[in-house]
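Here's the structure we're looking at; comments come further down.
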Amino acid sequence: QVQLVESGGGLVQAGGSLRLSCAASGRTFSSDVMGWFRRAPGEEREFVAAINCNADSTDYADFVKGRFTISRDNAKNTVYLQMSSLEPEDTAVYYCAAKPTCGIIRRANSYGSWGQGTQVAVSS
């Protein structure tokens, strides 16, 4: 199992930007699909974005397309989520997750390792 630690959350005004980071350890990072999910208060966890093992493909939820960008640095065992044009509706705890085989899937139960989450709050 891989250990994941997120960072970079915080409070930002609507229209602002944040960059989340997720540092991985414990397994060959380049063999994992990395995903970001979020859970807003009172809501179910939802898929945000994912990037394939060698970064040859990405996938985004419709509600973040054009605003968020996922990237990874396999040399640093780190995945990033650059968030721009943030909206109050983006307020949530954001979780990093690792899927131990290549090939992007949105389904959360395909991801076997999860971080503790980082809070993002967007004020209007």
Side-chain angles (χ1 to χ4, degrees):
Q1 195 170 11
V2 63
Q3 289 75 48
L4 303 172
V5 179
E6 302 98 333
S7 60
L11 175 63
V12 64
Q13 288 188 327
S17 299
L18 283 174
R19 188 176 82 156
L20 305 184
S21 299
C22 173
S25 62
R27 188 171 68 215
T28 303
F29 179 74
S30 59
S31 299
D32 288 43
V33 169
M34 299 302 297
W36 286 96
F37 294 76
R38 71 184 188 185
R39 180 176 298 190
E43 301 291 332
E44 297 290 319
R45 180 176 53 189
E46 61 183 353
F47 170 81
V48 175
I51 186 166
N52 206 8
C53 301
N54 56 4
D56 62 343
S57 61
T58 57
D59 187 24
Y60 295 93
D62 287 345
F63 54 78
V64 303
K65 282 182 180 176
R67 300 190 299 124
F68 292 8
T69 302
I70 189 171
S71 62
R72 66 190 296 161
D73 186 337
N74 286 350
K76 295 182 178 180
N77 287 358
T78 302
V79 63
Y80 306 97
L81 186 68
Q82 178 67 49
M83 306 186 294
S84 303
S85 302
L86 283 162
E87 304 166 352
E89 293 75 21
D90 295 316
T91 295
V93 177
Y94 284 72
Y95 298 91
C96 172
K99 171 179 167 293
T101 55
C102 297
I104 292 174
I105 292 177
R106 294 188 173 193
R107 190 170 63 248
N109 61 12
S110 294
Y111 292 75
S113 300
W114 292 81
Q116 81 289 348
T118 185
Q119 176 72 55
V120 171
V122 184
S123 62
S124 58

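The chain is numbered in sequence order, starting from 1.
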Can you tell if the side chain of [X] reaches within under 4.5 Å of the side chain of [Y], non-hydrogen atoms only?
X      : Y     : value
Tyr111 : Asp32 : no
Arg72  : Asn74 : yes
Asp90  : Arg67 : yes

Taking salt bridge (Lys or Arg N to Asp or Glu O under 4.0 Å) as the definition, give me every residue that meets it alongside [X], ordered by chain and number, with sequence neighbours left out.
X     : answer
Glu89 : none
Asp62 : Lys65
Asp59 : Arg106

Going by side chain to side chain donor-acceptor pair (under 3.5 Å), name the residues that satisfy it together with [X], two or more places apart in sequence or in a different chain.
X      : value
Thr101 : Lys99
Asn77  : none
Tyr95  : none
Gln119 : none

Measuring from atom [atom1] of [X] to atom [atom2] of [Y], what distance do you get when rounded to the nearest 0.5 angstrom?
X      : Y      : atom1 : atom2 : result
Thr58  : Phe68  : OG1   : CZ    : 14.0 Å
Ile104 : Ser110 : CD1   : OG    : 12.5 Å
Arg39  : Glu46  : CZ    : CD    : 10.5 Å
Met34  : Phe29  : CE    : CZ    : 4.5 Å

Return all side-chain donor-acceptor pairs below 3.5 angstrom for residues 47-56, not counting sequence neighbours, or 'none' if the list is empty.
unit_1	atom_1	unit_2	atom_2	d
Asn52	OD1	Gly103	N	2.8
Asn52	ND2	Asp56	OD1	3.1
Asn54	OD1	Asp56	N	3.3

By side chain to side chain contact (heavy atoms under 4.5 Å, CB included), which residues pair with [X], not counting sequence neighbours?
X     : value
Val12 : Leu18, Leu86, Val122
Ser17 : Gln82, Ser84
Ala23 : Thr78

Verdict with reasoning, Trp114 to Phe37, per ring pair (Phe, Tyr, Trp, His ring centres under 6.0 Å): CA-CA 10 Å; Trp114 292 81; Phe37 294 76; 4.9 Å; yes
Same apolar cluster: Tyr94 and Val33, side chain cutoff 4.5 Å: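 No, separate clusters.
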Residue pairs involving residues 4-14 (criterion side-chain hydrogen bond (donor to acceptor under 3.5 Å, both in side chains); sequence neighbours excluded):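 For residues 4-14, and leaving out neighbouring residues, the side-chain hydrogen bond (donor to acceptor under 3.5 Å, both in side chains) pairs sorted by first residue read Glu6-Gln116.
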